[in-house]
Amino acid sequence: MPPRRQPPPASGPWGPRPAVLLLAPLLLLTQQGVAAAPVGAEGPEDSPGLQDAEFPSGLLQQAARAALHFFNFRAGSPSALRVLAAVLEGRATVNPKKGCQVDLVFTTDHYNPEVGEEHLGKCSARVFFRNQKPRPAINVTCTRLIEKNKRQEEDYLLYKHMKQLKTPLDVTSIPDSHGHIDPSLRPIWDLAFLGSSYVMWEKTTQFLHYYMAQISSVNQWKTNDDTIDFDYTVLLHEFSTQEIIPCRIHLGWYPGKPLKVKYHCQELQTPEEASGTEEGSAVAPTELNNF
Amino acid sequence: MPGAPGGGPGPGPSPVDRWTLVVFSFIMATALGQMNFTGDQVLRVLAKNEKQLSVLRDLDGLKPQKVDFWRSPAKPSLPVDMRVPFSELKDIKAYLESHGLAYSIMIKDIQVLLDKEREAMAKSRRLERSTSSFSYSSYHTLEEIYNWMDNFVTEYSDIVSKIQIGHSFENRSILVLKFSTGGSQRRAIWIDTGIHSREWITHATGIWTAKKIVSDYGKDRTLTNILNAMDIFMEIVTNPDGFAFTHSMNRLWRKNKSTRPGMFCIGVDLNRNWKSGFGGNGSNNNPCSETYRGPSPQSEPEVAAIVNFITTHGNVKALISIHSYSQMLMYPYGHSLEPVPNQEELYQLAKDAVKALYEVHGIEYIYGSISATLYVASGITVDWAYDSGIKYAFTFELRDTGRYGFLLPASQIVPTAQETWLALRTIMEHTLQHPY
């Protein structure tokens, strides 16, 4: 049975993150146990015999989501965001002392459903979850769906739309309570999701995974000639604890340039302790050799 | 106003209420055409010490008056809110800055706010007058849903009636719709939606489903057979206090609104408060947690009401509790990985239901036991139902899988309800054909 999921301690070991992000080279593990789980459309019940007793349910999904957050952040392209379609195959190696390595293949959809593009993308990834610690190490490769130049063109179009928005932005929440996002504000959502992807990757563990629920406020929106300066507060939904976590994110973006992200999240308040915070910042690497 | 909090112990007028009062009086003033607040702003100032506070108090003493305090200078730890007329803005801000007082702009233009409020109020008055045009493809407030229920019961009084099964913590009515073609204490199916208030798609699906049931009776053979032999109970707003709160203050509120003396945080997770595996892994005893189980099983009035109703009824044969999001159809247990005795039957039934759902709009659901498919959760509705002898206990997690999550666009209400209906009907038909 999966270990009890307590909310993370208010003032925990999560110190400030290093300013520069690098792909962590994967460690070689002693093989403790291998489980191969071919996944069909039906669900986990179809291959019960192959599930290791220590498998948290949905480990493959967990790994796929983490890999995608990381991929989206690294790509730095709000017009080319991907979401998980399905896990095709996967295999996990569990080392009770160190953590858990997952190798998997999954398909992706375009994040923005309005885009007519039909193709599913395909990615293969190796994800290493360190025991009880967030920020899984990820190596992910995806099929090239769109030429680099074309992608930059799309991003530049988005940038031009953003520049045309009237500042200061007269918005409160995106989407509103009814789930509606004004089409003119869609680029803001996409850019916010890009920044949030970094945060969500950093916070993901074997057991915790996040979705971006809502932009609760736009604190600053500046469109200079060489950057978009975007300071916003986002509400992340952590699924296993069902908590809503407000994160203040400050990002700098320009088409073709690496994404810069700084953030500060507010963690669960306990009656005794004051609310803790979690911080991080990064600049996406410029070398994207599998793109 | 239906559903307004009754005589229960409550907090004093909150700062929000005071603001509402002030804004309302402004609306009245502008309605009478007397005053215009274009460009006026409300600034919030935080004084760090007594010296800074007295600087603010000096403003109050100025004649002619330059600012209007909505929240007067009291103590250094409390914010000071002041309305500053447009003509005075530059001077006042310079004054604050020169004294090192930090301020933020709470309202950028009061007139804009007043215009919006007036428009919203006029709009809601228009809606009330045309209740027959209730939109099944929009999200609604608690008052709108309760009004709709009354109209619905009147219009379909041969099949539907309304039962009050209790009161919420803030004293709102807890209502259940009963669909019955006669008989006495027939075998029954229970459906609840909205136990977690932020899952708005569930209430909307419940409402659409209610309409579907009355519309299809006499037309759809399966549904007609079901209703000719069994009753259906539907509780649409299972957590009315939480739901009202998602409209008024916090769209992402999940729990109910109960408090106890000395408790720092509000609300119990109603889907952890049931008497089955209560207190286990997958629930939390921290009142500030979203999965706080409450002090004891069934401590919450919203849960106790259902337990009493179903236990007293004594003949409920299927229970379906509807949540969002994740696109899953699941059966017990949540509190452990131990399979239930009729696990094989429930697995097959879930498989059939999900297939029927898929055929409507191609949406894929996964299925299995709660603990294996979603996560370990203790003290949940369906575990209690199953342990109380209800063999067909299911829980849905409706659309989507995270793109919009709780904030599912209203345009997806009808498609979601349409596909969910096919799954519900599959489960109900199986229950009909397998009496026990």
Side-chain angles (χ1 to χ4, degrees), chain A residues 1-7 10 39-46 48 51 53 55-58 61 65 83-86 109 111-113 168 170 173-181 193 207 209-214 216 235 237-244 246 268-273 275, chain B residues 108 112 138-139 196 198 200-201 246-247 250-255 262-265 269 271 280-282 284 286-291 325-326 328-329 336-337 343 347 350-351 354 358 364-369 371-377 401-413:
Chain A
M1 196 155 91
R4 184 188 188 124
R5 290 180 203 124
Q6 288 285 13
V39 180
E42 283 90 12
E45 294 307 301
D46 267 36
Q51 285 198 349
F55 249 61
S57 41
Q61 251 75 29
R65 283 185 287 252
V83 283
L84 179 64
D109 254 325
Y111 180 70
N112 212 322
D170 183 25
S173 313
I174 305 174
D176 65 15
S177 287
H178 298 225
H180 178 69
I181 302 177
F193 185 79
F207 306 113
H209 69 277
Y210 298 84
Y211 297 95
M212 184 167 109
Q214 192 178 42
S216 58
L235 298 175
H237 174 221
E238 198 291 304
F239 207 84
S240 64
T241 59
Q242 290 293 326
E243 296 294 335
I244 301 292
L268 175 72
Q269 203 164 24
T270 58
E272 302 83 31
E273 305 164 33
S275 60
Chain B
K108 280 189 286 211
V112 169
S138 310
Y139 292 114
H196 289 141
R198 60 192 180 197
W200 279 18
I201 185 60
T246 59
H247 279 276
N250 184 343
R251 173 62 178 84
L252 295 173
W253 189 259
R254 167 183 168 94
K255 303 187 283 183
M263 280 216 180
F264 187 65
C265 292
D269 183 346
N271 199 27
N281 288 340
N284 205 306
N286 175 354
C288 299
S289 157
E290 293 281 25
T291 53
Y325 57 91
S326 274
M328 295 173 177
L329 174 54
S336 88
L337 286 167
Q343 141 110 346
Y347 174 79
K351 186 173 184 181
V354 156
Y358 174 81
E364 290 183 1
Y365 269 53
I366 60 178
Y367 55 96
S369 76
S371 52
T373 311
L374 186 61
Y375 43 48
V376 168
T401 54
R403 195 184 248 135
Y404 290 104
F406 300 121
L407 272 57
L408 195 71
S411 55
Q412 291 197 43
I413 292 175

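Keep in mind that the numbers below use all heavy atoms, side chains included, and drop hydrogens, waters and symmetry copies. We name chains A, B, ... by the order of the sequence lines, and we start the count at 1 in each one.
Under the rule for a side-chain contact (heavy atoms from CB on, under 4.5 Å), the partners of B:Pro409 that lie at least two apart in sequence or sit in another chain are B:Tyr404, B:Ser411, B:Gln412. Under the ring-ring contact (aromatic ring centres under 6.0 Å, His included) criterion, A:His237 pairs with A:Phe239, B:Tyr325, B:Phe406, sequence neighbours left out.
Contact annotation for A:Leu84: neither backbone nor side-chain heavy atoms come within less than 4.5 Å of a heavy atom of chain B. When heavy atoms are compared at a cutoff of 4.5 Å, B:Arg254 approaches chain A solely by way of its side chain, counted from C-beta outward. Using a 4.5 Å cut-off between heavy atoms, B:Leu252 touches chain A through backbone and side chain atoms alike.
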Side chain to side chain contact (heavy atoms under 4.5 Å, CB included) assessment of B:Trp253 paired with A:Ile244
CA-CA 9 Å; B:Trp253 189 259; A:Ile244 301 292; over 6 Å; no
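Under a 3.5 Å cut-off, the side chain of A:Ser240 and the backbone N or O of A:Phe207 do form a donor-acceptor pair.
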